[in-house]
K.L.:
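Structure in structure tokens, see below.
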Amino acid sequence: MMKLTSSVRSLLAVASLAALAACSKSAPPPPPAPQVTVALPLQRDIVDWDEYVGRFEAIQDVELRPRVSGTIDKVLFANGQRVRAGEALFTIDPRPYAAALAQARAQVAKSQAALTNARSELARADKLLAAQAISREEYETKLANVRSAQADLGAGNANVTTAQLNLGFTTVRSPITGIVSDRRVSKGNYATDATTVLTRVVSTDPIWFSFDGAESFYLKYLRQAKAGERGSSRNTPNPVEVQLADETGYRWHGRMEFVDNAVDPNSGTIRAHAVISNPDGFLTPGLFGRARLLGSGTYHAMLVPDEAVVTDQTRKLVYVVGKDGKAIQRPVETGPQVEGLRVIKTGLAAGEHVVIEGITTLQPGMPVKAVLTTMKPRAANTAPTSQPDTAPPASDATAK
């Protein structure tokens, strides 16, 4: 065997001592707990609003046609002006109808004279019959003459009434209060009764906002009505608010008035409309609008920032910090936004500290260092539009 020199033995001794020293050291300390910001969620009583797109429609929309034929004699309005019910718009040449009325009245006078004469003859026949100076047959002839004259007079009076109506119809009046379109005929044109379109008149106050609702929302409303949470719009004037294309808020207020009796099988939607007050006529039929309809009863909910909600495949989760200082996952049901924060309908209890910052590094059960802050609304209570996560949720909501 080879003998070790003294220098080699010294090196081996040093290495052994170094190895023993390394083994005697403790393991490195664990990393510090991550710091997160937590806050108590805001609590609000919430009312959901469902959003729809539609257009304004006139409640009354009339294509004006003449009720008698004739030549247009006068046009009595300016195109596009506001008119009142009963206001004269056109005059048809009245002379033929005035002549027909005079002829009918003359016929009435003739029938009245014939009736007077027949009654006189009947009175004489009464006396002669009593004296047996005429036969019963002659008497009945006189009686028949009276009845015939009475019928002629009744027909004449009816002709006078018809002639008066026709003469009145030569002045074409607006049947409603509203705004008249342009004239479709000019003076001198011949208008045919019930055929020629003279103009169009639409009412403006109040006005309808018409829209189509999805079948899913309709089913939700049916179930809410059955549960007593929200009245059906068929018989309850549920509030509706409308925003025009160039507006940021919902300044037009109305109520539901109509829901159709069937769902369209082609589109899966159902027609409905709300009635909106429009005293100054600003809203015009055909205008586009975005409406929100009361979509729920009042319910209690928590509000948290959107960044506090994470998605785990199909689930929505928030992290809370337990009393032991560890992060805990909470599956939640989210709703629309209110005051710039996300509504949490279920899954979160009052008094729980929700992680609102530092969430990206968390794992369930991980110890954390929680820094408490106060959660505040991020926007006014204007119910901004949101994209719901499940169907059919509300598009908007407001706090009561």
Side-chain angles (χ1 to χ4, degrees), residues 58-77 83-178 180 183-203 258 261:
I59 294 178
Q60 294 176 296
D61 187 339
V62 180
E63 265 193 343
L64 205 58
R65 302 171 190 263
R67 301 180 70 174
V68 293
S69 298
T71 302
I72 300 298
D73 192 42
K74 294 178 182 178
V75 179
L76 304 172
F77 68 95
V83 296
R84 294 191 171 275
E87 184 174 340
L89 302 181
F90 295 91
T91 298
I92 295 173
D93 186 359
R95 292 174 296 175
Y97 297 98
L101 176 58
Q103 183 179 9
R105 284 173 173 167
Q107 186 63 44
V108 166
K110 180 179 178 181
S111 298
Q112 183 65 59
L115 176 59
T116 301
N117 183 60
R119 284 172 174 169
S120 298
E121 291 183 357
L122 180 61
R124 288 194 297 271
D126 278 335
K127 295 177 181 179
L128 293 174
L129 181 62
Q132 297 183 352
I134 61 172
S135 65
R136 186 72 186 180
E137 183 180 2
E138 285 185 82
Y139 175 79
E140 290 179 352
T141 299
K142 301 296 184 183
L143 182 60
N145 291 339
V146 170
R147 291 172 178 167
S148 178
Q150 287 175 330
D152 288 342
L153 181 59
N157 285 328
N159 289 336
V160 168
T161 300
T162 300
Q164 286 175 327
L165 286 172
N166 288 338
L167 181 60
F169 292 153
T170 60
T171 300
V172 181
R173 302 179 183 275
S174 175
I176 62 173
T177 297
V180 66
R183 61 188 183 185
R184 311 292 170 82
V185 295
S186 300
K187 180 178 179 179
N189 290 146
Y190 187 84
T192 303
D193 66 287
T195 301
T196 304
V197 177
L198 303 178
T199 189
R200 179 185 175 201
V201 185
V202 297
S203 63
F258 166 76
N261 58 2

K.L.:
Just verifying a value: how many Å separate L64 CG and R183 CZ, rounded to the nearest 0.5 Å?
P.N.:
14.5 Å

K.L.:
For T171 and A88, indicate whether the former's side chain and the latter's backbone hold a donor-acceptor pair under 3.5 Å.
P.N.:
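Looks like no, no N/O pair under 3.5 Å.
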
K.L.:
How close do V201 and L89 get, counting heavy atoms only, and between which atoms?
P.N.:
CG2-CD1, 4.4 Å

K.L.:
Using the test salt bridge (charged side-chain N to carboxylate O under 4.0 Å, His left out), find all partners of R184 that sit at least two apart in sequence or belong to another chain.
P.N.:
D182

K.L.:
Return the set of residues passing side chain to side chain donor-acceptor pair (under 3.5 Å) with N159 (not counting sequence neighbours), or none when no residue passes.
P.N.:
none

K.L.:
Kindly state each residue pair satisfying side chain to side chain donor-acceptor pair (under 3.5 Å) with at least one member in residues 66-76, sequence neighbours excluded.
P.N.:
S69-D193

K.L.:
Apply ring pair (Phe, Tyr, Trp, His ring centres under 6.0 Å) to Y97 and list each qualifying residue two or more places apart in sequence or on a separate chain.
P.N.:
none

K.L.:
Quick one: side chains of residues 100-108, donor-acceptor pairs under 3.5 Å with protein atoms, not counting sequence neighbours, listed by atom name and distance.
P.N.:
none

K.L.:
Go through the structure and list residues passing ring pair (Phe, Tyr, Trp, His ring centres under 6.0 Å) with F169, not counting sequence neighbours.
P.N.:
none

K.L.:
Drop me the distance from R95's CZ to T170's OG1, to the nearest 0.5 angstrom.
P.N.:
11.5 Å

K.L.:
Over all heavy atoms of both residues, which pair between A149 and L115 is shortest? Give the atoms and the distance, please.
P.N.:
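Distance-wise, the nearest heavy atoms are CB-CA, 3.4 Å.
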
K.L.:
With sequence neighbours excluded, tell me which residues meet side-chain contact (heavy atoms from CB on, under 4.5 Å) with P66.
P.N.:
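P66: side-chain contact (heavy atoms from CB on, under 4.5 Å) contacts with I92, A191, T196, L198.
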
K.L.:
What pairs with R200 under salt bridge (charged side-chain N to carboxylate O under 4.0 Å, His left out), at least two apart in sequence or on another chain?
P.N.:
D61

K.L.:
Rounded to the nearest 0.5 Å, what's the gap from OG1 on T162 to CG on N157? Could you check?
P.N.:
11.0 Å

K.L.:
Only counting residues at least two apart or in another chain, list the ones meeting side-chain contact (heavy atoms from CB on, under 4.5 Å) with P96.
P.N.:
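Partners of P96 by the side-chain contact (heavy atoms from CB on, under 4.5 Å) criterion, ordered by chain and then number, come out as D93.
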
K.L.:
Just grab all the side chain to side chain donor-acceptor pair (under 3.5 Å) pairs involving residues 138-152, residues at least two apart or on different chains.
P.N.:
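Every side chain to side chain donor-acceptor pair (under 3.5 Å) pair that includes a residue of residues 138-152, provided the two are not neighbours, is E121-K142, D126-Y139.
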
K.L.:
Restricting to side chain to side chain donor-acceptor pair (under 3.5 Å), what partner residues turn up for Q164, sequence neighbours left out?
P.N.:
none

